[in-house]
Amino acid sequence: LAKTTQPISMDSYEGQEVNITCSHNNIATNDYITWYQQFPSQGPRFIIQGYKTKVTNEVASLFIPADRKSSTLSLPRVSLSDTAVYYCLVGDSSRYNQGGKLIFGQGTELSVKP
Amino acid sequence: ETGVTQSPTHLIKTRGQQVTLRCSSQSGHNTVSWYQQALGQGPQFIFQYYREEENGRGNFPPRFSGLQFPNYSSELNVNALELDDSALYLCASSLDPPGQTRPDTQYFGPGTRLTVL
């Protein structure tokens, strides 16, 4: 399973766009990139998933360059409620990956200030 | 709100005791996974069940065991508790059965905070 590297922490202000980059140099052909968000004392919550190029939903955008060795989660116009830990996960499906387990790293702690 | 509930919310045990944690998955979700999250760390995969059968296990000793029931509920049992077992225990359910072509979206409960003294 590909190892991921992301910043331990980031600070931002309300209304700004936040970009969190994740490095995954040894990503495999079958791997997808998934981001989860976790608030204190809650379980992680799925944000977005992609394989290549750009994916957008109502919450965020995910940019994946052609070589797929990194990805960037973009949060438009953050608010105080976006303060959370953001995890970048790289892995394949349960067809190849025993049990379909999710491999979490330490994540990026995003702090949004007024 | 993910529709996944866990009980109890908090629990305090002493070293050597046994504990059972419970999870109720979303209706229709036949896959449930359990994770352990130590303070300041990301969740670590314990095991996964699909239709009441274990379908993958992480690097946890046999004293961590589980059960899944037909009514979308499941249990995590930990025997001979150790101080290092203090953590947030999360269960996550997913709709897709094993064998899909992309990673499942897993829906997490709020967790049970276990403290071992």
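Chain letters run A, B, ... following the sequence lines, proteins first and then strands; every chain starts at 1.
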* **B/R63 atom CZ, over 12 foreign heavy atoms within 6.0 Å** => yes
* Asked: Taking only heavy atoms into account, what residues of residues 108-117 of chain B are found under 4.5 Å from chain A?
  -> B/F108, B/G109, B/P110
* Asked: Side-chain heavy atoms under 4.5 angstrom apart, residues restricted to Ile, Leu, Val, Met, Phe, Trp, Tyr: same cluster for B/F45 and A/L89?
  -> yes
* Decide whether A/Y86 and A/L80 are clustered together by the hydrophobic rule: side chain heavy atoms of Ile, Leu, Val, Met, Phe, Trp, Tyr closer than 4.5 Å, transitively. => yes
* **Under 3.5 Å donor-acceptor, B/Y35 side chain and A/L102 backbone** => yes
* Asked: For A/Q38, is it the side chain, the backbone, both or neither that has a heavy atom under 4.5 Å from a heavy atom of chain B?
  -> side chain
* Of all heavy-atom pairs between A/Y87 and B/Q41, which one has the smallest distance, and what is that distance? -> OH-O, 3.6 Å
* Asked: Side chain, backbone, both or neither: which part of A/Y36 has a heavy atom under 4.5 Å from chain B?
  -> side chain
* For B/Q6, is it the side chain, the backbone, both, or neither that has a heavy atom closer than 4.5 Å to a heavy atom of chain A? -> neither
* Asked: If two hydrophobic side chains count as joined below 4.5 Å and joins carry through other members, does B/L11 share a cluster with B/L90?
  -> no
* Asked: Crowded around A/Y51 OH? As in, over 12 foreign heavy atoms under 6.0 Å?
  -> yes
* Structure fact -> Closest heavy-atom pair, B/P103 versus A/G91, reported as atoms and distance to 0.1 Å, is CG-O, 3.4 Å
* So if you build clusters from Ile, Leu, Val, Met, Phe, Trp, Tyr with side-chain heavy-atom gaps below 4.5 Å, do B/Y72 and B/L76 land together? -> no
* Report, as yes or no, whether the 6.0 Å neighbourhood of atom CG on A/D67 holds more than 12 heavy atoms from other residues, nucleotides or ligands. => yes
* To do: Name the region of B/E54, side chain, backbone, both or neither, that has any atom closer than 4.5 Å to a heavy atom of chain A.
  => neither
* Is B/L39 atom CG crowded by more than 12 heavy atoms from other residues, nucleotides or ligands, each under 6.0 Å away? -> no
* Asked: More than 12 foreign heavy atoms under 6.0 Å from CD of A/Q42: is that the case here?
  -> yes
* Would A/I48 end up clustered with A/I27 when hydrophobic side chains under 4.5 Å apart are linked, directly or stepwise? -> yes
* Asked: Rounded to the nearest 0.5 Å, what separation is found between the CD atom of B/Q44 and the CZ atom of A/F104?
  -> 9.5 Å
* Structure fact -> CZ (A/F46) and CG (B/D104) are apart, to the nearest 0.5 Å, by 10.5 Å
